[in-house]
Amino acid sequence: MNHPDIRLELRGAIALVRLARPAKRNAISDEVILGIRSLFEQLPDTVRAIVLDGEGEHFCAGLDLSELKERDAGAGLHHSRMWHAALDTVQFGPAPVIAALHGAVVGGGLELASACHIRVADETAFYALPEGSRGIFVGGGGAVRIPRLIGEARMADMMFTGRVYDAKEGERIGLSQYIVPAGQAFDKAMELAERIAKNAPLTNYALMHALPRICEQPADQGFLTEALMAAIAQSSPEAKTRVREFLEGRGPKVKKS
Ligand code: 1HE
């Protein structure tokens, strides 16, 4: 996979995907969003976890505004759907994605981060949805994914008022699950990726593909989907081995951190 603005490195079972357009603060052009889609579609099946970060001082400045020309309504619709298709390959791709965030995580950059499964932010991270002040709307799935993280009222406030959340506030309200000192987001994301890569593949599959669907289902359907997924996961040889190891005193215990 060769792309001028996205780098891919494979380290064993972990794929490192880096937005590499620092001169433009990793702004996402059409070429970049299509590149993200094709990269996630083509990752080798040996990949068990993915770390996504951005080169330079910012994770991502969102949509490349220089391309926001005079699209008519139809072209705008297809443009947004192109983002949806790309970010679906991130959320429902081959393996869990851990975003390592620093600096600006704004607009489409926050939409991209929201499609990931875990967000680790360093203390320099800040979050905003400047679409509101630019007279536009989110179009990369943010209206669906961001309220699930922070609630509809907080997202609306960010867009109504241009509110910027710093890294600490971002962690408090649910934009990131982890916060680390400046410069350490990548290392923490790698540590988590290595841990996640060791899970039974069906466990990661269930968390990526079943859990978000269950959350959208009415409770009675959700309970049934949960039961089906649980039955499939526990019948795998890997689950049986892990449980046996614990019962024989060889498996890891849960430790208070
Ligand atoms: C850009 C973009 C961009 C920077 N599109 N070129 N996103 C925004 O509204 C955020 C716009 N960007 C910013 O607020 C700031 O650039 C940052 C806070 C991210 C970074 O500030 P700073 O001082 O480090 O950099 P800079 O000097 O503002 O920008 C450096 C260069 O990057 C400059 O270009 P240059 O040719 O003059 O060097 C900027 O023009 C360029 N640049 N951000 C294009 N976003 C699916 S719909 C999603 C809708 C949205 O995402 S809307 C929100 C867009």
Side-chain angles (χ1 to χ4, degrees), residues 3-6 18-40 52-92 97 99-116 119 121-150 152 154-167 169-170 175-176 182-183 185:
H3 194 285
D5 298 324
I6 312 168
R18 177 161 291 166
L19 303 175
R21 206 186 172 208
K24 294 291 176 188
R25 306 317 185 238
N26 298 322
I28 301 180
S29 60
D30 287 0
E31 202 192 335
V32 171
I33 198 74
L34 290 171
I36 289 172
R37 179 177 177 175
S38 84
L39 185 145
F40 275 82
L52 170 70
D53 75 350
E55 202 171 300
E57 284 173 29
H58 300 281
F59 172 70
C60 177
L63 177 72
D64 186 330
L65 291 169
S66 70
E67 289 185 353
L68 194 66
K69 300 180 209 96
E70 290 166 32
R71 291 194 190 105
D72 63 17
L77 170 72
H78 291 303
H79 182 263
S80 172
R81 298 298 286 155
M82 176 173 83
W83 271 66
H84 293 164
L87 297 195
D88 262 14
T89 65
V90 175
Q91 183 177 358
F92 299 115
V97 187
L101 307 175
H102 70 293
V105 184
V106 304
L110 181 52
E111 294 184 279
L112 171 61
S114 304
C116 299
R119 284 154 293 281
D122 85 7
E123 282 167 350
T124 69
F126 58 97
Y127 310 89
L129 291 169
E131 288 89 337
S133 45
R134 311 241 184 263
I136 54 179
F137 191 59
V138 284
V144 172
R145 293 191 179 101
I146 297 170
R148 290 199 179 128
L149 299 179
I150 62 173
E152 179 192 331
R154 283 202 179 97
M155 174 174 173
D157 176 34
M158 288 173 83
M159 294 193 69
F160 276 135
T161 66
R163 181 168 183 169
V164 179
Y165 282 101
D166 68 21
E169 291 170 322
L175 285 168
S176 80

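What you see is a predicted model; the values in this text were computed from it and never measured. Numbering of ligands and ligand atoms starts at 1, following listing order.
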Salt bridge (Lys or Arg N to Asp or Glu O under 4.0 Å) pairs touching residues 74-90, sequence neighbours excluded, are Asp88-Arg145
Qualifying residues under salt bridge (charged side-chain N to carboxylate O under 4.0 Å, His left out), relative to Asp166, sequence neighbours excluded
none
Got a donor-acceptor contact below 3.5 angstrom from the Glu55 side chain to the Leu19 backbone?
no
Side chain to side chain contact (heavy atoms under 4.5 Å, CB included) partner of Ser114, chosen from Val144, Val138, Ile146
Ile146
More than 12 foreign heavy atoms under 6.0 Å from CD of Glu152: is that the case here?
no
In short, salt bridge (Lys or Arg N to Asp or Glu O under 4.0 Å) pairs touching residues 22-33 with sequence neighbours left out are none
Write out the protein residues near ligand 1, meaning a non-hydrogen atom under 4.0 Å from one of its atoms, in order of chain and number.
Ala23, Lys24, Arg25, Ala27, His58, Ala61, Gly62, Leu63, Asp64, Leu65, Trp83, Ala104, Val106, Gly107, Gly108, Glu111, Pro130, Glu131, Arg134, Ile136, Gly139, Gly140
